[in-house]
Amino acid sequence: MRAWSGPVDGGIAVLGAGLSGLSLAAHLAAVPARPGPVVLVDDGARDIRDAGWAFWSRRSGLLDAAVSARFARIRVHAGGRARTLGLGRYRYGVVRGADLASVVGEVTDRVDDIGLRTGRVTQVHDGARPRVALSDGTELHPEWVFDGRGPDADDRGTSPDAWLDFRGWRIRTEAPLFDPDVPTLFDFRTDQRRAASFVYVLPTDTRHALVEHTSFAHPDGGPVGTAAHDEALREYLAAVLGADEDTYVVEADESARLPLASRPPARRSGNIVRIGAAGGMLKGSSGYAYQRIQCDSAAIAQSLARHGHPFDVRPAPSRFARYDQGLLRAVVERPAVLERAFAGLFDRSSAEPILRFLDEESTWRDEAALFASLPAAPLLRAMAGR
Ligand SMILES: Cc1cc2nc3c(=O)[nH]c(=O)nc-3n(C[C@H](O)[C@H](O)[C@H](O)COP(=O)(O)OP(=O)(O)OC[C@H]3O[C@@H](n4cnc5c(N)ncnc54)[C@H](O)[C@@H]3O)c2cc1C
């Protein structure tokens, strides 16, 4: 993306050039009209090239050229049984940060009024026209601000229903160990006593994979901690995959503690709109945000092009927030519920209905069929226990 060094007076400021900022910039470049120039402001603290996202989708998207792998099947191990499920019309895709940045650059460079400015945002003032203060003393005066500075709940007053607390190792093995065609989305063969936990295995080829230990942690509890995650990863690799420590190398790692909130946060204050994780795009019950961010970016850009404002963005029906809240409550109160629920939910040949439900595109009838496979009594007891 081009560097931007001029003043900002009108147009759009996008704060944060992470997943949501870059995605919105690309979608704004792709619509026929924008209300003035678009300037992304990023502090450079997080190198996007180190990031990566997995997602599922059944539609083509503007940034599909950034997808480096696509899978048609997934594996789930729950309730003592392994299942391999087809994805129907969906594909499970992987986007690497470096590829996303380069594809977004190609899209935005086709128009001449989108650019990137390096700077740390210190304050955003609402008013007749928003004011964005940077740490170097400069001020921007855009008409619209889209704030995508990331999933930091603490300074934004959001109270999560749970934490998605995870740590992943990028592993290289001596001998072939991974099935390169089938990622494991949930493997519950890990300790469930402290928190509902599973291991995720995303293969690159037979000898490389991201192996991640993930816990749904209590909203009032402390972090799981690096040592506990590492111990669980070592155990999983040895006991489940049969890989002793001297047979693999951890080439890189990633950790996060993402706030999972079933209720979407207030997104708008005057002409300031939160996007990305800060705008409630992390799905409450799963922590996935990539595809929701793509849909939201497309809707905001379309709305701006059609109406001159970004608010023609349809929220999901409120029942989905209630489902997320119920599941998260149940899972943090009684961790064992998650494995039982997933054993029932994934006991089918295709994951398509589950993915449609998680995308909040299912009908009442679809949901009734899915809920019939859930262990009703433990879920209800856990929800009532709060
Ligand atoms: C390790 C990890 C793995 C994840 N994996 C997946 C996945 O596989 N699939 C999925 O769907 N979701 C995943 N997520 C969740 C979610 O998609 C990501 O958190 C996503 O990056 C959120 O996008 P964002 O734009 O809100 O924030 P970010 O991508 O984090 O971007 C925020 C940007 O704002 C910048 N910034 C912050 N403060 C300032 C400031 N004051 N001034 C200027 N710039 C600032 C940061 O440097 C950064 O560049 C993952 C999250 C993490 C942390």
Side-chain angles (χ1 to χ4, degrees), residues 1 13-27 39-57 61 63 66-69 71 92-97 100-101 104 116-124 132-136 138 140 145-156 158 163-170 183 185 200-202 210 212-214 226 229 252-261 265 267 273-297 300 355 358-359:
M1 190 180 297
V14 179
L15 313 184
L19 175 58
S20 63
L22 287 176
S23 302
L24 181 58
H27 283 275
V39 179
L40 276 81
V41 185
D42 194 271
D43 58 4
R46 184 173 180 221
D47 189 344
I48 190 100
R49 286 168 304 183
D50 298 336
W53 304 272
F55 67 102
W56 56 82
S57 174
L63 303 178
V67 178
S68 56
F71 301 94
Y92 192 73
V94 180
V95 168
R96 294 201 199 103
L100 183 86
V104 168
L116 173 67
R117 176 185 182 130
T118 302
R120 196 169 76 78
V121 175
T122 50
Q123 268 188 321
V124 185
V132 178
L134 304 188
S135 58
D136 63 4
T138 39
L140 317 180
V145 171
F146 293 96
D147 188 352
R149 283 178 287 162
D152 185 355
D154 296 62
D155 63 344
R156 287 159 200 252
T158 318
W163 296 101
L164 194 72
D165 192 320
F166 59 89
R167 178 162 170 79
W169 287 352
R170 291 194 182 277
L185 254 58
Y200 168 79
V201 182
L202 182 64
L210 170 68
E212 207 150 74
H213 181 257
T214 302
T226 304
H229 280 308
D253 58 58
E254 64 176 35
S255 301
R257 188 167 135 91
L258 301 177
L260 298 179
R267 290 189 70 184
V273 181
R274 287 180 182 173
I275 57 171
M281 290 300 125
L282 286 172
K283 168 74 174 162
S285 54
S286 73
Y288 280 81
Y290 182 89
Q291 190 59 14
R292 285 159 68 97
I293 286 174
Q294 299 315 312
C295 296
D296 190 55
S297 304
I300 290 173
L355 301 183
L358 290 172
D359 281 349

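In each ligand, atom 1 is the first atom listed, and ligand 1 is the first ligand listed.
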Please state which protein non-hydrogen atom is closest to [atom] and give its distance, to 0.1 Å?
{"atom": "atom 31 (O) of ligand 1", "value": "Gly18 CA, 3.2 Å"}
{"atom": "atom 29 (O) of ligand 1", "value": "Leu19 N, 3.0 Å"}
{"atom": "atom 19 (O) of ligand 1", "value": "Pro151 CG, 4.0 Å"}
{"atom": "atom 51 (C) of ligand 1", "value": "Leu258 CD1, 3.9 Å"}
{"atom": "atom 24 (P) of ligand 1", "value": "Ser20 OG, 3.6 Å"}
{"atom": "atom 39 (C) of ligand 1", "value": "Asp43 OD2, 3.3 Å"}
{"atom": "atom 28 (P) of ligand 1", "value": "Arg46 NH1, 3.5 Å"}

What atoms in ligand 1 come closer than 4.0 Å to a heavy atom of [X]?
{"X": "Leu282", "result": "15 (C), 16 (C)"}
{"X": "Glu254", "result": "1 (C), 3 (C)"}
{"X": "Ala277", "result": "26 (O)"}
{"X": "Ala54", "result": "7 (C), 8 (O), 9 (N), 10 (C), 11 (O)"}
{"X": "Tyr290", "result": "10 (C), 11 (O)"}
{"X": "Arg120", "result": "41 (N), 42 (N)"}
{"X": "Asp42", "result": "33 (C), 34 (O), 35 (C), 43 (C), 44 (N), 46 (C), 47 (O), 48 (C), 49 (O)"}
{"X": "Ala289", "result": "10 (C), 11 (O), 12 (N), 16 (C), 17 (O)"}

Heavy-atom nearest neighbour of [atom] within options [options]:
{"atom": "atom 27 (O) of ligand 1", "options": "Gly52, Ala256, Gly150, Ser297", "result": "Gly150"}
{"atom": "atom 1 (C) of ligand 1", "options": "Tyr200, Tyr288, Phe166", "result": "Phe166"}
{"atom": "atom 37 (C) of ligand 1", "options": "Arg274, Arg149, Arg117", "result": "Arg149"}

Shortest non-hydrogen contact from [X] to [Y]?
{"X": "Ser297", "Y": "His27", "value": "CB-CD2, 3.5 Å"}
{"X": "Ala25", "Y": "Met1", "value": "CB-CE, 4.1 Å"}
{"X": "Ala277", "Y": "Gly150", "value": "CB-C, 4.0 Å"}

How long is the span from the [atom1] atom in [X] to the [atom2] atom in [Y], to the nearest 0.5 Å?
{"X": "Arg274", "Y": "Asp296", "atom1": "CZ", "atom2": "CG", "answer": "13.5 Å"}
{"X": "Phe166", "Y": "His213", "atom1": "CZ", "atom2": "NE2", "answer": "12.5 Å"}
{"X": "Arg267", "Y": "Ile300", "atom1": "CZ", "atom2": "CD1", "answer": "5.0 Å"}
{"X": "Trp53", "Y": "Ser23", "atom1": "CH2", "atom2": "OG", "answer": "7.5 Å"}
{"X": "Leu19", "Y": "Arg46", "atom1": "CG", "atom2": "CZ", "answer": "8.5 Å"}
{"X": "Ile48", "Y": "Leu22", "atom1": "CD1", "atom2": "CG", "answer": "5.0 Å"}

Using distance alone, determine whether [X] and ligand 1 share an N or O pair under 3.5 Å.
{"X": "Gly276", "result": "no"}
{"X": "Gly44", "result": "no"}
{"X": "Trp53", "result": "yes"}
{"X": "Ala278", "result": "no"}
{"X": "Ile293", "result": "no"}

Tell me which one of Trp56, Tyr200, Phe55 satisfies ring-ring contact (aromatic ring centres under 6.0 Å, His included) with Tyr288.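 Among Trp56, Tyr200, Phe55, the one that satisfies the ring-ring contact (aromatic ring centres under 6.0 Å, His included) with Tyr288 is Trp56.
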Do [X] and [Y] touch side chain to side chain, with heavy atoms closer than 4.5 Å?
{"X": "Leu134", "Y": "Gln123", "answer": "no"}
{"X": "Pro259", "Y": "Leu282", "answer": "yes"}
{"X": "Asp147", "Y": "Val273", "answer": "no"}

Hey, mind stepping through Arg167 and Ser255 against side chain to side chain donor-acceptor pair (under 3.5 Å) and telling me if it holds? CA-CA 4 Å; Arg167 178 162 170 79; Ser255 301; 2.8 Å; yes
